[in-house]
Amino acid sequence: MELMIEALSEGGQATSSNAYCINGQPGDFYNCSRETTHRISADYGKTNLLRLVNSVQNTNMYFAIANHSLTVVGLDGAYIKPLVTRYIMITPGQSMDILVTADQPLGEYYIILSPFFDGQADDFDHSIASAIFQYSGNYTYTGLPAYPSDFPGWEDKQPATFFVKQLRSLNSAEHPIDVPKDNEITTRMFITIEVGLRHCPNDSCAGPLGDRLAAALNNISFANPSVDVLQAYYNNITGYYTADFPDLPPVGFNFTSDDLGTANVTMVDKGTKVKVLNYNASVEIILQGTDVMNSAETHPMHLHGFRFYVVGLGEGNFDNGTAPETYNLYDPPEMNTVPAPRDGWAVIRFRANNPGKFTGCAHANFTIEKRQINFS
């Protein structure tokens with residue numbers, strides 16, 4: 001938090017990490033932690049449930065166990081069709097339930113956690129965290145643990161895209177889904193994701209041109225109010241937010257162009273703006289990645305306190321004529337965090353049936369009107 005507070009106060013890039021960790025330990029590939037590498041004990045022939053959470057600040061991660069298949073069965077607290085894979089890609093804030101069967105010769109196998117980064121800047125932590133999947137029993141093992149032989153590299157985008165597009169809800173009689181259909185949508189929003197600038201007097205900030213870096217949605221960077229939005233809403237306290245978060249960006253342009261460095265697209269506004277949804281509204285949000293200031297990357301988009309269905313993913317600028325033809329409305333995955341593709345788009349749908357305030361990273365506030373509940 002100290003580093004984040006420093007970055008926010010100075011307006012520049014956050015300091016890069018020194019290490020990634022698995023259960024608090026960086027692992028064998030750092031000089032400081034070889035004696036304390038985390039180990040997971042496994043009995044031959046038994047299946048283990050791993051509950052994996054990506055709590056890395058702002059990095060997508062590849063994860064694998066050498067010589068073992070992973071079966072992903074849950075995602076953000078919802079069941080999915082079992083997906084057998086040699087690796088996973090997990091984005092910040094996301095959680096997965098993974099089955100691993102100990103079916104290899106008795107020994108030790110590396111668990112590897114490595115960054116996936118597809119942005120243009122080479123300013124991320126390139127290190128690799130490790131743990132050890134260790135078989136129990138009486139055996140003699142010498143040498144290093146086995147290492148995954150087909151693990152994706154830092155900038156390998158295709159494996160990440162392939163993995164995410166394979167995720168499917170169960171959509172069974174025991175675990176049905178409730179994705180809003182086309183004719184049920186009552187609220188549509190198109191939200192651009194960008195990193196822009198806020199002007200600093202006398203070029204006094206640590207960002208480009210002496211200005212301040214600012215994440216923005218629809219060209220609005222979030223201003224954290226002194227009174228919580230939900231508290232202000234339910235107590236009718238005015239002056240802490242405005243209910244005018246826009247359904248569209250202020251101007252349209254080629255969002256994925258390589259030449260988006262001019263002031264007319266880089267300078268963003270700041271405010272505490274809220275989108276108020278009617279209770280039980282059927283909502284569709286198109287999340288459009290942009291390359292403003294050459295900052296495009298696959299980025300997590302999260303709704304705090306909510307889950308949604310990811311009905312579509314694609315590259316380039318969203319095309320309202322062709323993109324809907326690719327939607328999966330039969331068994332889309334139910335998530336609370338989606339990796340929005342670099343220079344691409346993701347489409348989510350949900351029913352606004354949980355009254356309260358929920359927030360989407362990088363901060364758009366949504367409020368669902370409270371319904372009247374009668375008890376008998």
Side-chain angles (χ1 to χ4, degrees), residues 13-14 54 57-60 89 91-94 116-121 123-124 157 160-161 164 188-198 207-208 212-223 245-262 264-275 283-304 306 308 310-320 323 335-350 358-366:
Q13 289 272 31
N54 185 350
Q57 178 179 306
N58 191 34
T59 307
N60 302 297
M89 195 285 287
T91 199
Q94 201 168 46
F116 158 57
F117 184 79
D118 58 354
Q120 294 190 40
D123 58 357
F124 65 99
K157 183 177 180 179
T161 302
V164 173
R188 279 190 166 89
M189 302 179 70
F190 185 99
I191 298 178
T192 54
I193 308 164
E194 62 199 270
V195 174
L197 294 173
R198 294 282 297 163
R212 174 184 300 277
L213 291 171
L217 299 177
N218 279 355
N219 210 52
I220 299 167
S221 185
F222 181 67
F245 185 86
D247 291 344
L248 297 168
V251 293
F253 52 93
N254 181 3
F255 301 114
T256 59
S257 169
D258 293 330
D259 185 24
L260 295 177
T262 58
N264 63 322
V265 295
T266 60
M267 302 307 292
V268 301
D269 296 327
K270 189 171 185 177
T272 309
K273 296 179 181 291
V274 172
K275 173 69 176 181
V283 183
E284 178 183 274
I285 301 178
I286 301 161
L287 300 166
Q288 174 68 60
T290 72
D291 201 12
V292 174
M293 294 177 54
N294 296 320
S295 62
E297 63 182 39
T298 297
H299 189 75
M301 295 300 294
H302 173 79
L303 284 186
H304 298 287
F306 231 87
F308 48 76
V310 181
V311 301
L313 292 165
E315 301 293 325
N317 293 315
F318 179 83
D319 187 323
N320 197 45
M335 304 178 174
N336 62 36
T337 307
V338 58
R342 173 190 172 176
D343 288 341
W345 48 268
V347 179
I348 65 173
R349 290 184 178 183
F350 61 92
F358 55 103
T359 307
C361 298
H363 281 98
N365 280 280
F366 300 82

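- Applying side-chain hydrogen bond (donor to acceptor under 3.5 Å, both in side chains) to Thr298 and the options Thr91, Asp118, Asn60, Asp343 leaves one that passes, Asp118.
- For the pair Ile286/Arg188, no side-chain contact is recorded, criterion being any heavy-atom separation below 4.5 Å from C-beta on.
- Rounding to the nearest 0.5 Å gives a distance of 9.0 Å between CH2 of Trp345 and CG of Asp319.
- Rounding to the nearest 0.5 Å places CZ of Arg198 at 7.0 Å from CE of Met267.
- The heavy-atom pair separating Ile220 from Pro246 by the smallest distance is CD1-CD, 3.4 Å.
- When atom types are taken as modelled, the side chain of Thr290 and the backbone of Ile193 share a donor-acceptor pair closer than 3.5 angstrom.
- Within the 4.5 Å cutoff, no side-chain heavy atoms of Met301 are placed close to those of Ile285.
- Side-chain contact check for Val292 versus Val268: every heavy-atom pair is 4.5 Å or farther apart.
- Residues satisfying the side-chain contact (heavy atoms from CB on, under 4.5 Å) test with Pro250, not counting sequence neighbours, are Asn219.
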**Report entry** side chain to side chain contact (heavy atoms under 4.5 Å, CB included) between Lys275 and Asp247, worked out
**Finding:** CA-CA 8 Å; Lys275 173 69 176 181; Asp247 291 344; 2.9 Å; yes

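- Take Asp258 and apply the side-chain contact (heavy atoms from CB on, under 4.5 Å) test, not counting sequence neighbours, and it matches Asp291.
- When all heavy atoms of Ser221 and Ala214 are compared, the pair lying nearest together is OG-CB, 3.7 Å.
- For the pair Leu213/Pro208, a side-chain contact is recorded, criterion being any heavy-atom separation below 4.5 Å from C-beta on.
- Residue Ser295 comes nearest to Val195 through the heavy atom pair OG-CB, 3.7 Å, listed as atom of the first residue, atom of the second, then distance.
- Side-chain atoms of Asn58 never come within 3.5 Å of backbone atoms of His299 as a donor-acceptor pair (strictly under, hydrogens ignored).
- In this structure, Arg212 CZ and Lys270 NZ are separated by 6.5 Å, a value rounded to the nearest 0.5 Å.
- Within 6.0 Å of CD on Gln120 lie more than 12 heavy atoms contributed by other residues, nucleotides or ligands.
- Gln288 contributes a side-chain N or O that, together with a main-chain N or O of Phe318, makes up a donor-acceptor pair within less than 3.5 Å.
- Listed for the Thr272 side chain is a donor-acceptor partner under 3.5 Å among the backbone atoms of Ala223.
- Annotation: side-chain contact (heavy atoms from CB on, under 4.5 Å) contacts of Val311 (sequence neighbours excluded): Val179, Tyr309, Tyr327, Leu329, Pro332, Val347, Arg349.
- Contact annotation: the side chain of Thr161 never approaches that of Pro341 to less than 4.5 Å [non-hydrogen atoms, C-beta and beyond].
- Under the ring pair (Phe, Tyr, Trp, His ring centres under 6.0 Å) criterion, Phe308 pairs with no residue at all, not counting sequence neighbours.
- Leu303 is not listed as a side-chain neighbour of Asn336, based on a closest heavy-atom distance of 4.5 Å or more.
- Residues meeting the side chain to side chain donor-acceptor pair (under 3.5 Å) test with Thr337, sequence neighbours left out: His302.
- Partners of Phe117 according to the side-chain contact (heavy atoms from CB on, under 4.5 Å) rule, which considers only residues two or more places apart in sequence or in another chain, are Asp123, Phe124, Glu297.
- Remark: side-chain polar atoms of Asn317 are not paired, donor with acceptor, to backbone N or O of Asn254 under 3.5 angstrom.
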